[in-house]
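Scroll down for the structure; my scribbles are underneath it.
Keep in mind that what you see is a predicted model, and the values were worked out from it rather than measured. Index from 1, following the sequence.
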Amino acid sequence: MRNFILGKTINMIISLFTVLTLTFFMLESLPGTPLSHLGKTINAQSKHNYLEHYNLNEPILKKYITFTKNIFLHRNLGESMIYPGRKVIDEIKRYGSTSFSVGIKGIFLGLFIGGATGILSITTNNRLMRNILVVLSILMVSIPSFIVATFLYYIFVVKLTTLSTLTLDGKNAILPVVCVAISTAGIYAKYFREGILEELHKDYVLQARAKGHTRWTLLKKHVLKNALFPMIALVLPQIAGIFMGFYVIESIFSVPGFGTVYIDSVNNRDYNMILGATLVFTISYIISVYVAELLFIIADPRLRRKNG
């Protein structure tokens with residue numbers, strides 16, 4: 001276990017350093033500066049002062065060294081290049097908390113809906129109901145989230161204006177939460193159903209059935225638990241993806257989220273904000289994968305022995 005933790009920690013640091021380095025040099029390779037969108041509306045002296053303030057006139061290698069020192073030694077992400085005075089870390093906290101609130105609620109609601117759909121599609125004896133649930137899960141996977149979001153917005157905001165005020169508040173965004181749930185529930189239902197079917201055909205289940213144990217008893221005591229645990233590998237990265245993965249939904253419902261500020265930063269070439277947002281997303285994703293692997297090792301004795 002110690003070797004596993006040490007190895008994964010080293011891999012996390014290398015991965016984070018690599019992503020930030022590639023992002024930095026990709027941004028530096030782009031023509032223009034954050035002032036490019038202003039055109040000729042700024043005089044030469046103001047432009048010179050701006051470039052000097054943000055060290056944009058320095059050689060690329062010196063800028064890279066300063067950038068890495070500020071992040072890894074001083075834990076300073078700087079301030080926005082488009083909105084002077086606004087700290088990048090404060091903007092990330094502000095918009096990230098909104099995205100996390102909407103996304104985490106949607107993911108867990110989707111997990112509940114998808115889990116229930118997957119279980120019912122296996123346990124129900126009604127063939128018509130089983131087929132309906134399977135088709136429903138396929139539709140939830142197949143229909144893009146922007147179509148679902150547009151449909152919900154048209155019905156509940158344009159036609160039924162009673163929910164319009166609740167869709168624009170990050171803390172009470174009912175429709176964005178429902179939209180996230182629908183876009184994820186189909187995936188959970190599919191994987192959960194396949195996991196249950198796989199468990200039901202394993203030897204220990206067949207032997208238990210031969211000894212007289214009912215299918216429902218096996219589902220409750222063994223199959224559901226074993227089928228649910230691999231879902232961790234799917235759910236945790238999606239939780240990390242909250243910060244970037246629901247930009248379209250945030251845009252349609254005017255939710256001031258992390259994805260929106262990230263895209264705006266890219267369009268405006270706000271280098272500090274882009275690098276800060278990339279840092280947060282990369283750390284979140286790497287940690288989620290790391291935790292998923294760690295939970296698998298804790299749960300599976302074979303993996304514990306393999307990783308020492």
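Contact of the Val19 side chain with the Tyr285 side chain is not registered, since no non-hydrogen atoms from C-beta on lie closer than 4.5 Å. Within the 4.5 Å cutoff, side-chain heavy atoms of Leu77 are placed close to those of Ile92. In this structure, the side chains of Val88 and Asn76 stay at 4.5 Å or more apart for every pair of heavy atoms. Side-chain contact between Phe253 and Leu152: present, with at least one pair of heavy atoms (C-beta onward) separated by less than 4.5 Å. With a 4.5 Å cut-off on side-chain heavy atoms, Ile132 and Leu128 count as touching.
Of the inter-residue distances, the one linking Ile60 atom CD1 with Phe24 atom CZ reads 5.5 Å to the nearest 0.5 angstrom. Note that CD1 of Ile252 and OG1 of Thr150 are 3.5 Å apart. Values are rounded to the nearest 0.5 Å. Rounded to the nearest 0.5 Å, atoms CG (Leu120) and OG (Ser137) are 11.5 Å apart. Taking CG of Leu27 as the start and CG of Leu22 as the end, the distance is 11.0 Å to the nearest 0.5 Å. Distance CD1/Ile107 to CG/Leu236: 9.5 Å, rounded to 0.5 Å. For the atom pair CZ (Arg269) and CD1 (Ile82), the distance works out to 10.0 Å, reported to the nearest 0.5 Å.
Remark: side-chain polar atoms of Arg130 are paired, donor with acceptor, to backbone N or O of Thr124 under 3.5 angstrom. Panel note: side chain Ser142, backbone Leu139; no donor-acceptor pair is recorded below 3.5 Å. The main-chain N or O of Gly118 is found under 3.5 Å from a side-chain atom of Ser121 such that the two form a donor-acceptor pair. Judged purely by atom type and a 3.5 angstrom limit, Ser101 has no side-chain atom pairing as donor or acceptor with the backbone of Ser97. In this structure a side-chain-to-backbone donor-acceptor pair under 3.5 Å is present from Asp270 to Met81.
For Gly103 against Val180, the heavy-atom pair with the smallest separation is O-CG1, 4.1 Å. The shortest non-hydrogen separation linking Met140 to Ala185 is SD-CB, 3.8 Å. Nearest heavy atoms, Pro176 versus Val255: CG-CG2, 3.8 Å. Across Thr184 and Gly110, no two heavy atoms sit closer than the pair OG1-CA, 3.8 Å. For the pair Tyr95 and Pro256, the tightest heavy-atom approach, listed with the atom from each and the gap, is CD2-O, 3.3 Å. Nearest heavy-atom pair across Tyr262 and Ala277 is CD1-CB, 3.1 Å.
The cluster map of Ile, Leu, Val, Met, Phe, Trp and Tyr, joined by side-chain heavy atoms under 4.5 Å apart, puts Phe112 and Leu133 in different clusters. Under the 4.5 Å side-chain heavy-atom criterion for ILVMFWY residues, no single connected hydrophobic cluster contains both Val289 and Phe281. No chain of hydrophobic side-chain contacts below 4.5 Å, direct or via other Ile, Leu, Val, Met, Phe, Trp or Tyr residues, connects Val261 to Val102. Cluster membership for Val134 and Ile143, using ILVMFWY side-chain heavy atoms within less than 4.5 angstrom, is not shared. Criterion: ILVMFWY side-chain heavy atoms under 4.5 Å apart, direct or through other members. Under it, Leu234 and Val291 are part of a common hydrophobic cluster.
Between the side chains of Asn272 and Glu79, no donor-acceptor pair is found at a separation under 3.5 Å. Using modelled atom types, one finds a donor on one side chain and an acceptor on the other under 3.5 Å when comparing Tyr188 with Gln238. With no hydrogens or angles considered, no side-chain donor-acceptor pair links Tyr290 and Thr9 at under 3.5 Å.
The neighbour count for Tyr191 OH, taken as heavy atoms of other residues, nucleotides or ligands under 6.0 Å away, does not exceed 12. The neighbour count for Tyr83 OH, taken as heavy atoms of other residues, nucleotides or ligands under 6.0 Å away, does not exceed 12. The environment of Phe100 atom CZ is sparse: at most 12 non-hydrogen atoms of other residues, nucleotides or ligands sit within 6.0 angstrom. Taking a 6.0 Å sphere around CZ of Phe151, one finds it holds 12 or fewer heavy atoms contributed by other residues, nucleotides or ligands.
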Practice prompt. Just do the side chain to side chain contact (heavy atoms under 4.5 Å, CB included) check on Val158 and Tyr153 with the steps written out, would you?
Written response: CA-CA 7 Å; Val158 177; Tyr153 186 89; 3.9 Å; yes
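The aromatic rings of Tyr64 and Phe17 sit perpendicular to each other, their planes meeting at more than 60°, with 30° as the lower class boundary.
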